[in-house]
Structure formats: structure tokens, C-alpha cells
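Accompanying notes for the structure given below.
Note on naming: letters A, B, ... go to the chains in the order of the sequence lines (proteins, then strands), and numbering restarts at 1 for each one.
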Protein chains: 2
Amino acid sequence: MKLSDKKRVNILDAAEQLFFENGVEHTTMDQIAKAAQASKRTVYNHFTTKDALFEAIIIRMVEHLNQDDELRFSNEIAIDIQLTKIAQQEVSLLNSVHFLRIAKIAFMQMLQQPALAEDIASNQFGCMRYLESFLRQGVANNKLQIEDIEFAAKQFVYQLKSFVFYPVLFGFETPDSLPITKIIEQTVATFLSRYQAE
Amino acid sequence: MKLSDKKRVNILDAAEQLFFENGVEHTTMDQIAKAAQASKRTVYNHFTTKDALFEAIIIRMVEHLNQDDELRFSNEIAIDIQLTKIAQQEVSLLNSVHFLRIAKIAFMQMLQQPALAEDIASNQFGCMRYLESFLRQGVANNKLQIEDIEFAAKQFVYQLKSFVFYPVLFGFETPDSLPITKIIEQTVATFLSRYQAE
DNA sequence: CAAGAAGTAAACTATTAAGTTTACTTTTAA
DNA sequence: TTAAAAGTAAACTTAATAGTTTACTTCTTG
């Protein structure tokens with residue numbers, strides 16, 4: 001790997017860490033240069049402005065988000081098992097260091113500049129990419145009884161987010177402190193008591 | 001009302017508006033003075049630092065939050081009616097301009113300085129003040145069947161927040177664009193299908 | 001109504017941080 | 001192996017903005 005590429009990675013790593021810890025506004029380009037073991041001029045050779053650096057970080061983070069495989073509905077496996085599996089994957093995404101970092105950095109900027117919001121919100125992450133079609137198949141196969149599939153999908157994901165994501169994002173909880181198993185169990189149970197076909 | 005008091009109010013109003021629109025960091029004391037029709041010196045006579053002004057705004061906002069009356073469990077009224085009433089009050093709090101403003105301003109700071117978080121999080125707002133004891137009475141009166149009351153209360157409130165609060169806070173939705181009635185209906189229905197006593 | 005409390009505009013200071021320049025050294029690739 | 005691409009440290013410019021000072025005016029209250 002060329003020195004130039006190494007420096008680039010160092011700069012991105014250092015900036016990601018510092019932006020996450022202190023916020024974009026409270027991180028100086030001098031700090032980034034120092035933490036990256038690069039000169040300030042090198043930082044500016046790679047990224048013409050602080051904004052460009054911020055953008056590059058968000059892009060890299062989104063790329064690095066390991067999107068778990070889409071789970072396909074199966075008529076052979078009990079619906080609660082399948083929903084539990086989806087919930088587990090979702091929670092592991094929501095609680096990953098990577099996702100929390102993107103979220104914190106992005107939300108900070110978003111709250112100040114709503115223009116950024118749409119950009120980030122339009123991306124579909126995690127199980128929301130496929131949950132609606134999963135549920136549709138559950139209904140088609142008489143395992144579920146749902147009138148408004150879009151709404152039901154939101155209920156499911158929002159319930160997980162409310163318990164495992166926002167409290168950590170805002171610093172009220174740490175990922176370790178959460179009763180993950182119980183949260184998943186109860187989310188699935190609540191969802192099914194409402195939507196399981198008789 | 002004395003001129004001095006008027007100026008104080010003007011300054012708080014102007015700062016609240018500007019902090020909300022642009023964030024605390026992107027609001028200058030000169031802007032605040034101008035918007036408040038006061039001299040900068042007057043601003044500093046009332047509030048010794050920008051931080052002190054910020055704090056005063058948060059305190060005033062919290063005071064102004066009209067906390068609806070605590071709803072007491074009644075064995076005479078159907079449980080779904082009672083939960084709907086609670087949900088309605090909660091949604092009107094979560095969607096009030098006042099609450100959204102506090103939330104946006106406070107969360108912005110919170111995401112940057114987790115120390116602030118505890119302070120704000122420790123306050124119990126809305127129906128969370130009494131929902132657990134409400135549910136406990138529902139259980140005692142055989143209207144509800146709940147094992148973990150604390151958890152169930154969170155499920156109820158989180159579901160409302162997920163639909164009516166976070167999307168507005170982050171700018172994905174406006175309060176008017178939400179199908180409030182449906183959200184309340186469905187939240188209550190889901191909660192009861194899980195927890196209503198047979 | 002007079003003293004002092006509080007208001008005003010505007011210039012000033014000090015600090016912070018983004019981005020540039022300079023003079024020089026190290027990597028890299030034809 | 002050598003030219004150019006990229007690195008370096010450190011001093012510099014520029015702009016923004018928190019907070020102060022000054023010289024003066026207007027409220028307010030005993």
C-alpha cells in the first residue's frame with residue numbers, strides 16, 4: 001500500500017473517531033492531522049475542506065455497514081422463529097459500533113441542517129429493505145393477518161429501535177446494559193399476538 | 001411590566017427561536033441581541049454567558065410544558081377507551097411545538113455532551129409519570145394481564161414516540177403529515193391484543 | 001425630581017480555527 | 001535515477017464570534 005493511501009486511511013480513521021467523540025464542530029483540522037500522524041497540508045491535499053472530509057467519512061461508513069442477508073419467507077419454518085431471526089439481525093445492526101457512529105455523527109448534523117436528513121433517511125437499512133415483502137408472504141401463506149403491511153413493518157422495527165437504538169444513541173444506556181434477548185422475545189410476541197393468523 | 005423584564009423576555013424568546021432554527025453553536029450573541037431588539041450589553045447584563053442563556057431557556061421551556069393531568073385508572077370505563085385517552089394526551093405533548101423545540105435543542109447539545117443527557121433524561125414527562133401505576137391497577141382489576149409492567153409501559157410509549165416524535169424531530173415528517181388517529185388506534189389495539197386479560 | 005439602575009451603539013480585545021504559504025524532504029514510477 | 005508527486009513543520013492570513021469597554025441616554029423608584 002502506497003504511503004499516500006495509508007495517510008488517507010489514517011486521516012479518515014482519525015476524523016471518524018474524533019467526530020464521533022466530540023462532534024464535527026468541536027473537532028479541529030489540527031487535531032485530525034495530529035491524530036492521523038499527518039501534516040495539516042496532507043489532510044488538505046486529500047480533502048479540500050472539512051465538509052468534504054465529513055462527507056467522505058459518511059460515505060465510507062455507509063459502505064462498511066455490513067448489511068446482513070435478506071431473509072426470505074419460508075413456509076416450512078414457524079413464523080415466530082423467522083421473526084426472531086429478523087429481530088436478532090436488526091438488533092445486531094442497530095447496536096453495532098459502526099451503525100451507532102454513523103447515526104450519532106449524522107444525526108448531529110441532521111438536527112442542525114435538515115437538508116442532510118433526506119439524504120440519509122432515504123437509504124433503507126437493515127430489515128426494512130425486505131420486511132414488507134416478507135410480511136406479505138406471511139399473509140399470503142395464512143401465517144399472518146395484516147391489513148396495513150407498511151404500518152405493521154414500521155411497528156416491528158420501531159419497537160426494536162426504541163429499545164435498543166435511541167437510548168444508546170442519546171447516551172442513556174450502553175449496548176451491554178440492554179436485555180437484548182427479552183426485547184427481541186417481547187417484540188416478536190407482541191407483534192404476533194396482534195398479527196398472527198388464527 | 002418593567003422595561004427590564006420585557007427585555008429579558010425578548011431575549012429569551014429570540015434566543016429560543018434562533019437556537020431552534022440554527023442550533024446553539026450557529027447562533028451568535030449579536031444575532032440574539034438584534035432579534036431581541038436589545039443591545040448586546042443588555043443581553044450580557046441578563047445572562048453572563050451564552051451557556052447561562054442556554055440553560056435559562058431550557059429551564060423556562062420545561063416550566064412551560066403543560067403537563068396534562070395524570071389519568072387515574074377507572075374500573076367503570078373500558079380499558080381501550082382509557083388507553084386511547086392516554087395515548088391522545090401523549091401524542092399532543094410529543095407533537096407540541098414546545099416539546100419539539102426543547103427536544104431538538106436539548107438533543108443537539110446532548111449528542112455532543114453526554115453529560116447533559118442525564119439531567120434531561122431524568123425528568124419524567126407525559127404519561128410515563130403515571131403509566132406504570134395505571135397499568136398495575138388494570139392488572140389488579142383483571143382488565144390487563146402483564147408480567148413486566150415497566151417493560152409494557154415502555155412498549156406503549158415507545159410505540160407512540162417512534163411514530164409521532166422521532167420522525168418529526170429528525171425532519172422526516174411534519175406534525176400535520178402524520179395519521180395521528182390511526183397511530184393511536186393501532187398502538188392501543190396492539191397493546192391490548194398482547195396484554196388484555198381474557 | 002434626583003440618584004442610580006438599566007438601557008444603548010459602537011468600537012475594541014482575545015481567541016479559535018479554517019485554510020494557505022513557504023522552504024524543505026521523502027516516495028514513487030517511467 | 002531522476003523528475004514530479006506527495007509528504008513535512010511551522011508560521012501565516014483571515015474570519016468569526018464571545019465577551020468588554022466607553023461614553024452616553026433613558027427608566028424607575030424613594
> Taking 5' to 3' order, which nucleotide of DNA chain D is first and which is last to have an atom within less than 4.0 Å of a heavy atom in chain B?
Replying inline: D/dT17 to D/dT29

Can [X] and [Y] be counted as an ion pair, charged N to O under 4.0 angstrom?
{"X": "B/R101", "Y": "B/E16", "result": "yes"}
{"X": "B/K161", "Y": "B/E90", "result": "no"}
{"X": "B/R60", "Y": "B/D13", "result": "yes"}

>> If you assign B/K7 and A/T28 each to the DNA chain C nucleotide with the nearest heavy atom, which residue ends up on the more 5' nucleotide?
In response: B/K7

>> Within residues 39-48 of chain B, which residues have any heavy atom lying less than 4.0 Å from an atom of DNA chain C?
In response: B/S39, B/R41, B/T42, B/N45, B/H46

> Can you get from A/L71 to A/M128 by hopping between Ile, Leu, Val, Met, Phe, Trp and Tyr side chains that sit under 4.5 Å apart?
Replying inline: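 Yes, one cluster joins them.
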
> Centres of the B/Y166 and A/Y158 rings: under 6.0 Å?
Replying inline: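 That pair fails the under 6.0 Å test.
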
> With ring centroids as reference points, do A/F165 and A/F99 lie under 6.0 angstrom apart?
Replying inline: yes

>> Does A/Q37 reach a base, just sugar-phosphate, or nothing at all? Heavy atoms under 4.0 Å.
In response: sugar-phosphate

>> If you assign each of B/K2 and B/V24 to its closest nucleotide in DNA chain D, which residue comes earlier from the 5' end?
In response: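 Going by which nucleotide is closer to the 5' end, it is B/V24.
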
> More 5' along DNA chain D: B/Q31 or A/D5, using each one's nearest nucleotide?
Replying inline: A/D5

> Per the end-axis method with five pairs at each terminus, what is the bend angle of the helix from C/dC1-D/dG30 to C/dA30-D/dT1, to 10°?
Replying inline: 20°

>> Restricting to non-hydrogen atoms, name the atom on A/S177 and the atom on A/E173 that form the minimum distance, rounded to 0.1 Å.
In response: OG-OE1, 2.9 Å

Please tabulate, for the side chains in residues 143-153 of chain A, all donor-acceptor contacts under 3.5 angstrom to protein atoms that are two or more places apart in sequence or on a different chain.
unit_1, atom_1, unit_2, atom_2, d
A/K143, NZ, A/N75, OD1, 3.0
A/D148, OD1, A/E150, N, 3.3
A/D148, OD1, A/F151, N, 3.1
A/D148, OD2, B/K182, NZ, 2.2

> Got a sec? Which of residues 12-20 of chain A come in under 4.0 Å of DNA chain D, heavy atoms?
Replying inline: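 By residue number: none to list.
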
>> Under the ring pair (Phe, Tyr, Trp, His ring centres under 6.0 Å) definition, can you give me all pairs with a residue in residues 2-25 of chain A, not counting sequence neighbours?
In response: none

> Can you tell me how far P of C/dC12 sits from CG of B/D30, to the nearest Å?
Replying inline: 15 Å

> Rounded to whole angstrom units, what separation is found between the CE atom of A/M29 and the C1' atom of C/dT16?
Replying inline: 15 Å

>> Does C/dG7 have OP1 or OP2 under 4.0 Å away from a side-chain N or O of B/S4?
In response: yes

